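Read through the structure below, which is laid out as structure tokens, and then see the notes.
Every value quoted in this text rests on a predicted model; they were computed, and no experiment measured them.
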Amino acid sequence: QRDGVLTIGTIADNYWGGNCQLYDKNTTFKLKNVHLIKDFTIFNVGFDDYMEIIVNGTSVYAGPDGGRNLQIVERKTRRSRSHKVLNNGHNDYSCERNTNWNIGVNIDLKPYLKEGENSIRIRVIVSGHGEGWLKIRAKQNCCSKWDIQREEKCEYN
């Protein structure tokens, strides 16, 4: 945290790789007095090729094309060959977008927060090489200093 900004993920380039490869990063945290939170808003996301953000089980963002529940699916071509594509619940897309997305967003997370343990999961789908991260603006009404205790635990599918 710096100046009320929380970063989830690593702001860097091409640290993951694969062909239509799924990476899940889950961050859990405990909240006391959730009613005192003034602002808890995702204001910036960065990813290559696709990202979905899930807060306490609810999908709040899927980019860059929208939708919900990003999934990798197998499709057959006319010649009966199978290939992987990304499906966003509405359409199929090529897994490789050849773009690093850095998007300003305004997603208020307060309605999704609860007393006790909370989770924010980022799901990133990569073809070739890619990355995924988000920034949250966090403020509370009662004080300007947050008590943050951090434990890193990485588990990738």
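- Lys32 contributes atom NZ, which lies 10.0 Å from atom CD of Glu115 (distance to the nearest 0.5 angstrom).
- If you run side-chain contact (heavy atoms from CB on, under 4.5 Å) between Glu131 and each of Val126, Val124, Asn100, only Asn100 comes through.
- With contacts defined as side-chain heavy-atom distances shorter than 4.5 Å, the pair Ile125/Leu70 qualifies.
- In plain terms, the two heavy atoms of Ser127 and Cys20 that are nearest each other are OG-N, 2.8 Å.
- Between Ile122 and Trp133, the closest side-chain pair of non-hydrogen atoms is not below 4.5 Å.
- Note that CD1 of Ile53 and CD1 of Ile136 are 8.0 Å apart. Values are rounded to the nearest 0.5 Å.
- Not one N or O on the side chain of Tyr23 forms a donor-acceptor pair closer than 3.5 Å with the backbone of Gly132.
- Scanning both residues, Gly67 and His90, for their nearest heavy atoms gives CA-CD2, 3.6 Å.
- Note on Ile54 and Ile107: separate hydrophobic clusters, where clusters join Ile, Leu, Val, Met, Phe, Trp and Tyr whose side-chain heavy atoms are under 4.5 Å apart, directly or indirectly.
- Using modelled atom types and a 3.5 Å distance limit, the side chains of Ser59 and Glu52 yield a donor-acceptor pair.
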Verdict with supporting geometry, Lys139 and Leu36, side chain to side chain contact (heavy atoms under 4.5 Å, CB included): CA-CA 9 Å; Lys139 296 179 185 174; Leu36 295 175; over 6 Å; no
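- Applying the ring-ring contact (aromatic ring centres under 6.0 Å, His included) criterion to Tyr112, with sequence neighbours excluded, gives no partner residue.
- In the hydrophobic clustering of this structure, Leu109 groups with Phe47; members are Ile, Leu, Val, Met, Phe, Trp, Tyr whose side-chain heavy atoms approach within less than 4.5 Å, directly or through other members.
- The main-chain N or O of Ile103 is found under 3.5 Å from a side-chain atom of Asn44 such that the two form a donor-acceptor pair.
- Atoms CZ and CG, from Arg75 and Asp92 in turn, are 4.0 Å apart once rounded to the nearest 0.5 Å.
- For the pair Ile42/Ile120, no side-chain contact is recorded, criterion being any heavy-atom separation below 4.5 Å from C-beta on.
- Here the CZ atom belonging to Arg137 is positioned 9.5 Å from the CG atom belonging to Asp108, to the nearest 0.5 angstrom.
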Side chain to side chain contact (heavy atoms under 4.5 Å, CB included) between Ile37 and Leu31, intermediate numbers included: CA-CA 9 Å; Ile37 294 175; Leu31 290 175; 3.7 Å; yes
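- Contact of the Asn91 side chain with the Asp65 side chain is not registered, since no non-hydrogen atoms from C-beta on lie closer than 4.5 Å.
- Contact detail for Asp49 and Arg97: the closest heavy-atom pair is OD1-N, 2.9 Å.
- Atom CZ of Arg81 and atom NE2 of His83 lie 12.0 Å apart (nearest 0.5 Å).
- Residues Tyr61 and Val105 form a side-chain contact, since some pair of their non-hydrogen atoms from C-beta on lies under 4.5 Å apart.
- Ring-plane geometry between Tyr50 and Tyr93 is classed as tilted, the angle between the planes lying from 30 to 60 degrees on a 0 to 90 degree scale.
- Taken from CG in Asn19 to SG in Cys95, the straight-line distance is 6.5 Å, to the nearest 0.5 Å.
- Considering only heavy atoms from C-beta on, Phe40 comes within 4.5 Å of Leu6 through its side chain.
- When all heavy atoms of Ile72 and Gln21 are compared, the closest pair comes out as CD1-C, 4.2 Å.
- Met51 and Trp101 fall within a single hydrophobic cluster, where Ile, Leu, Val, Met, Phe, Trp and Tyr side chains are chained together by heavy-atom contacts under 4.5 Å.
- A donor and an acceptor atom, one from each side chain of Asn88 and Gln71, are nowhere located under 3.5 Å apart.
- Looking at Glu74 and Lys84, their side chains come closer than 4.5 Å, going by heavy atoms from C-beta outward.
- The pair Arg121-Asp24 meets the salt-bridge criterion, with a side-chain N (NZ, NE, NH1 or NH2) lying under 4.0 Å from an Asp/Glu carboxylate O.
- Taking 4.5 Å as the limit, every side-chain heavy atom of Gln140 sits out of range of all side-chain heavy atoms of Lys38.
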